[in-house]
Amino acid sequence: EAKTRGRGRYEFFDVELRERVQRQLRLEQDLRDAVPRRQLWMAYQPVVDLRSMRTVAVEGLMRWTHHAHGNISPGEFIPLAEESDLIGVLGDFMLTTTTEELARQRRRRDIGLTVNLSARQLDDASLVPAVEEALRRTGLPPRALCLEITESALMREPETAGCVLRELRGLGVRLAIDDFGTGYSSLAQLWKLPLDTLKIDQSFVAALGEPGESDAEAIIRGIVTMGHSMGLTVIAEGTETARQVEILRDLGCDEAQGYHFGKPQRAAEVFDNLP
Ligand code: C2E
Ligand code: MG
Ligand code: MG
Ligand code: MG
């Protein structure tokens, strides 16, 4: 009896696994056509200075509206794109779309742009020329553009990543480390990288203001102190409440983004209603 039940369980896992693999294969195929079909678009989320409480930049976040499955999270399709060599195409789309949009917006106000790079893009020799070309075509001042790399992506190949970061820095763009606190950085390695900004992972911010979560506050205080002593701007991600904003200001955090200030939205909706 136990044997039958055991087998039933394996079959159940088999079916689940097969369905998951099939969905991924289908999505990977559909992703190839997503750019020509115009299913990809960029959402923008405000980044707010905690002293002036004004929007100083927007983060561009990629969105995929699939014809059958609706909105698919970048958490799902970015890894697919990385596995299937589509990340270059998506990265080009992202960079072109966001820099053009920002150049348009900067005719009205002084505002910066920050975008995400994946680990695979750092290995791609065409990245640096693509960034250079985007700046040239749009006429954006390089300091208006910030490129984010997650801490874990940087730590995969710290030496190689360091070389690419120095080349990018040579173009005059800013560099940020994303999801800081989750990637087991060696501080000795981090110290050598040409960084401008630390983005504190939202898991620490989410715990702020929760009863019995004084650790999160201590960790953020530590990151802010370390970041400032390295001359870096410190940004908190995932800020959802007024209380969190208050604590972050008290801790000396420079900037914040999150649902409290605004969700990532289409350009038309976000740029006319900036905090
Ligand atoms: P990330 O760069 O760390 O972006 C922050 C994520 O937190 C975004 O998820 C954003 O929508 C979400 N978020 C913002 N404010 C809040 C908040 O107050 N509460 C909560 N719970 N979440 C908040 P999203 O858009 O699903 O993106 C997930 C990740 O996918 C990004 O993390 C980034 O690593 C990656 N990604 C997004 N767009 C791109 C892209 O164009 N290229 C690459 N390579 N990766 C991208
Ligand atoms: Mg980011
Ligand atoms: Mg992040
Ligand atoms: Mg993230």
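Model, not experiment: these values are computed from the prediction.
- For Gln29, the CD atom counts as loosely surrounded, since its 6.0 Å shell holds 12 or fewer non-hydrogen atoms of other residues, nucleotides or ligands.
- Asp123 pairs by the salt bridge (charged side-chain N to carboxylate O under 4.0 Å, His left out) definition with Arg156, not counting sequence neighbours.
- Side-chain N/O atoms of Gln45 and Glu59 include no donor and acceptor closer than 3.5 Å.
- Contact of the Arg109 side chain with the Leu274 side chain is registered, since non-hydrogen atoms from C-beta on lie closer than 4.5 Å.
- Rounding to the nearest 0.5 Å places CG of Leu175 at 5.5 Å from CG of Leu165.
- The two residues Ala57 and Ile111 come nearest to each other via the heavy atoms CA-CG1, 3.8 Å.
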side-chain contact (heavy atoms from CB on, under 4.5 Å) assessment of Gln24 paired with Leu80: CA-CA 7 Å; Gln24 292 201 339; Leu80 287 182; 4.1 Å; yes
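- No donor-acceptor contact under 3.5 angstrom links the side chains of Thr182 and Asp201, judged on distance only.
- The shortest distance between side-chain heavy atoms of Leu50 and Glu255 does not fall below 4.5 Å.
- The shortest distance between side-chain heavy atoms of Ile247 and Ile220 does not fall below 4.5 Å.
- Side-chain atoms of Thr55 come within 3.5 Å of backbone atoms of Pro275 as a donor-acceptor pair (strictly under, hydrogens ignored).
- Side-chain atoms of Glu217 never come within 3.5 Å of backbone atoms of Ser214 as a donor-acceptor pair (strictly under, hydrogens ignored).
- Counting all heavy atoms, side chain and backbone alike, Met62 lies closest to Leu90 at CE-O, 3.4 Å.
- Put simply, Met155 and Trp191 are part of the same group of oily side chains (I, L, V, M, F, W, Y) that touch within less than 4.5 Å, one to the next.
- Using cut-offs of 30° and 60° for the angle between ring planes, the Trp64 and Phe77 rings count as perpendicular.
- Using a 4.5 Å cut-off between side-chain heavy atoms of Ile, Leu, Val, Met, Phe, Trp and Tyr, with links allowed through other members, Val47 and Leu140 fall into different hydrophobic clusters.
- Under the 4.5 Å side-chain heavy-atom criterion for Ile, Leu, Val, Met, Phe, Trp and Tyr, Met53 and Leu208 are members of the same hydrophobic cluster.
- The minimum heavy-atom distance linking Ala236 with Val205 is given by the pair CB-CG2, 3.9 Å.
- Using a 4.5 Å heavy-atom cutoff, the side chains of Ile200 and Ile235 are not in contact.
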As a quick check of understanding, evaluate side-chain contact (heavy atoms from CB on, under 4.5 Å) for Val58 and Phe271, giving each step before the final call. CA-CA 9 Å; Val58 288; Phe271 284 105; 3.9 Å; yes
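- Ion pair Arg37/Asp30 not flagged as a salt bridge, since none of the NZ, NE, NH1 or NH2 atoms sits closer than 4.0 Å to an Asp/Glu carboxylate oxygen.
- Annotation: side chain of Lys199 is in contact with side chain of Gln257 (closest heavy-atom distance under 4.5 Å).
- Among Glu237, Glu148, Gln202, the single residue meeting the side-chain contact (heavy atoms from CB on, under 4.5 Å) criterion with Asp179 is Glu237.
- Phe261 and Pro46 get closest at one heavy-atom pair: O-CG, 4.2 Å.
- When side chains are defined from C-beta on, Glu240 counts as touching Gln244, because their heavy atoms get closer than 4.5 Å.
- Once rounded to the nearest 0.5 Å, the distance linking CE of Met94 with CD1 of Ile87 reads 8.0 Å.
- Ion pairing between a basic and an acidic side chain is recognised when a charged N comes within 4.0 Å of a carboxylate O; Glu269 and Lys263 show no such pairing.
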Could you go through the salt bridge (charged side-chain N to carboxylate O under 4.0 Å, His left out) check for Arg249 and Glu246 one step at a time? CA-CA 5 Å; Arg249 290 180 73 164; Glu246 197 183 338; over 6 Å; no
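- Residues Val128 and Val173 are members of one and the same hydrophobic cluster, defined by side-chain heavy-atom contacts under 4.5 angstrom among Ile, Leu, Val, Met, Phe, Trp and Tyr.
- Linking Ile, Leu, Val, Met, Phe, Trp and Tyr residues whenever their side-chain heavy atoms come within less than 4.5 Å places Ile72 and Val35 in a single cluster.
- Arg104 has a carboxylate O that lies under 4.0 Å from a charged side-chain N of Glu101, or vice versa, which qualifies the two as a salt bridge.
- Counted within 6.0 Å of CZ on Arg54, heavy atoms from surrounding residues, nucleotides or ligands total 12 or fewer; the atom is thus considered open.
- Note that SG of Cys146 and CG of Asn116 are 9.5 Å apart. Values are rounded to the nearest 0.5 Å.
- The shortest non-hydrogen separation linking Ile149 to Ala153 is CG2-CB, 3.8 Å.
- Distance check, rounded to the nearest 0.5 Å: CZ of Arg32 to OG of Ser84 gives 5.5 Å.
- Salt bridge annotation for Arg106-Asp110: present, with a cationic side-chain nitrogen under 4.0 angstrom from a carboxylate oxygen.
- Considering all non-hydrogen atoms of both residues, Phe180 and Phe204 come closest at O-CE1, 3.6 Å.
- Side-chain contact between His67 and Gln39 is present, with heavy atoms from C-beta onward closer than 4.5 Å.
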Taking it one step at a time, do Glu28 and Leu31 satisfy side-chain contact (heavy atoms from CB on, under 4.5 Å)? CA-CA 5 Å; Glu28 200 176 301; Leu31 195 52; 5.6 Å; no
Listed pairs under 3.5 Å, donor-acceptor, residues 224-234 side chains, sequence neighbours left out:
residue: Thr225; atom: OG1; partner: Arg221; partner atom: O; Å: 2.8
residue: His228; atom: NE2; partner: Asp254; partner atom: OD1; Å: 3.3
residue: His228; atom: NE2; partner: Asp254; partner atom: OD2; Å: 2.8
residue: Ser229; atom: OG; partner: Thr225; partner atom: O; Å: 3.4
residue: Ser229; atom: OG; partner: Met226; partner atom: O; Å: 2.8

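- Arg143 has a carboxylate O that lies under 4.0 Å from a charged side-chain N of Asp196, or vice versa, which qualifies the two as a salt bridge.
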Passes side-chain contact (heavy atoms from CB on, under 4.5 Å), Leu102 versus Thr138? Steps please. CA-CA 9 Å; Leu102 194 78; Thr138 56; over 6 Å; no
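- In this structure, CG in Leu147 is found 11.5 Å from CG in Asp178, a value given to the nearest 0.5 Å.
- Proximity of Leu61 to Tyr44: side-chain heavy atoms (C-beta onward) are nowhere separated by under 4.5 Å.
- Residues satisfying the salt bridge (charged side-chain N to carboxylate O under 4.0 Å, His left out) criterion with Glu100, sequence neighbours excluded, are Arg137.
- With values rounded to the nearest 0.5 angstrom, Thr99 atom OG1 is found 11.5 Å from Arg136 atom CZ.
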